[in-house]
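Any value given below was found using the heavy atoms of this structure, including those in side chains, with hydrogens, waters and symmetry copies removed.
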Amino acid sequence: MIEQIDAALTTVALALTVVLALAITGAAFRMVVGPGYADRFVALDMLTGIAVAACGLTAVVTGRREFLDVGLGLALIAFVATIAFAAFLEKKQRETS
């Protein structure tokens with residue numbers, strides 16, 4: 001029974017890894033090609049979200065809770081960075097107007 005659950009978890013983890021790889025590819029493409037600063041930063045924010053998901057997936061696969069702490073820290077840093085960049089864009093827009 002445990003072997004079947006382990007095999008199913010491995011299969012699901014592999015499928016989710018492929019999905020995360022596709023998402024990383026799309027976000028990286030948008031970050032490089034993005035026409036403006038906002039598009040590039042949204043792509044960077046998406047990359048950090050994917051990294052948090054990868055931390056969660058790693059925690060489930062390995063059974064180590066430390067990866068959840070890493071994911072939480074990364075999410076908090078990304079949140080603060082998003083707020084700072086939004087303030088920067090607002091200030092830049094006021095200066096150009």
Check: If you take all heavy atoms of A28 and L47, which pair is closest and at what distance?
Finding: N-CD2, 4.4 Å

Checklist line | Listed once per pair and sorted, the side-chain hydrogen bond (donor to acceptor under 3.5 Å, both in side chains) pairs that draw on residues 14-32, sequence neighbours left out | finding: none

Note to self: Hydrophobic clustering (ILVMFWY, side-chain heavy atoms < 4.5 Å, transitive) - are V52 and L20 grouped together?
What the structure shows: no

All N/O donor-acceptor pairs, side-chain side in residues 36-46, below 3.5 Å, sequence neighbours left out:
| unit_1 | atom_1 | unit_2 | atom_2 | d |
| --- | --- | --- | --- | --- |
| R40 | NE | M31 | O | 3.1 |
| R40 | NE | G34 | O | 3.4 |
| R40 | NH2 | V32 | O | 3.4 |
| R40 | NH2 | G34 | O | 2.9 |
| D45 | OD1 | T82 | OG1 | 3.2 |

Note to self: Is there a path of hydrophobic side-chain contacts, each under 4.5 Å between heavy atoms of I/L/V/M/F/W/Y residues, joining I50 to F85?
What the structure shows: yes

Checklist line | Spacing of E3 atom CD and M1 atom CE [to the nearest 0.5 Å] | finding: 10.5 Å

Check: What distance do L9 atom CG and L14 atom CG have between them, rounded to the nearest 0.5 Å?
Finding: 11.0 Å

Note to self: Can you give me the closest heavy-atom contact between L68 and G56, atom names plus distance?
What the structure shows: CD2-CA, 4.2 Å

Item checked: Spatial distance of atom CD1 (I2) from atom CD (Q4) [nearest 0.5 Å] -> 10.0 Å

Next item on the list: Return the minimal non-hydrogen interatomic distance between A13 and L57, and the atom names on each side.
Entry: O-CD2, 4.0 Å

Notebook entry, point to check: Given T58, which of V60, V61, T62 fulfils the side chain to side chain contact (heavy atoms under 4.5 Å, CB included) condition?
Noted result: T62

Check: Closest approach of C55 and V70, non-hydrogen atoms and distance?
Finding: SG-CG1, 3.9 Å

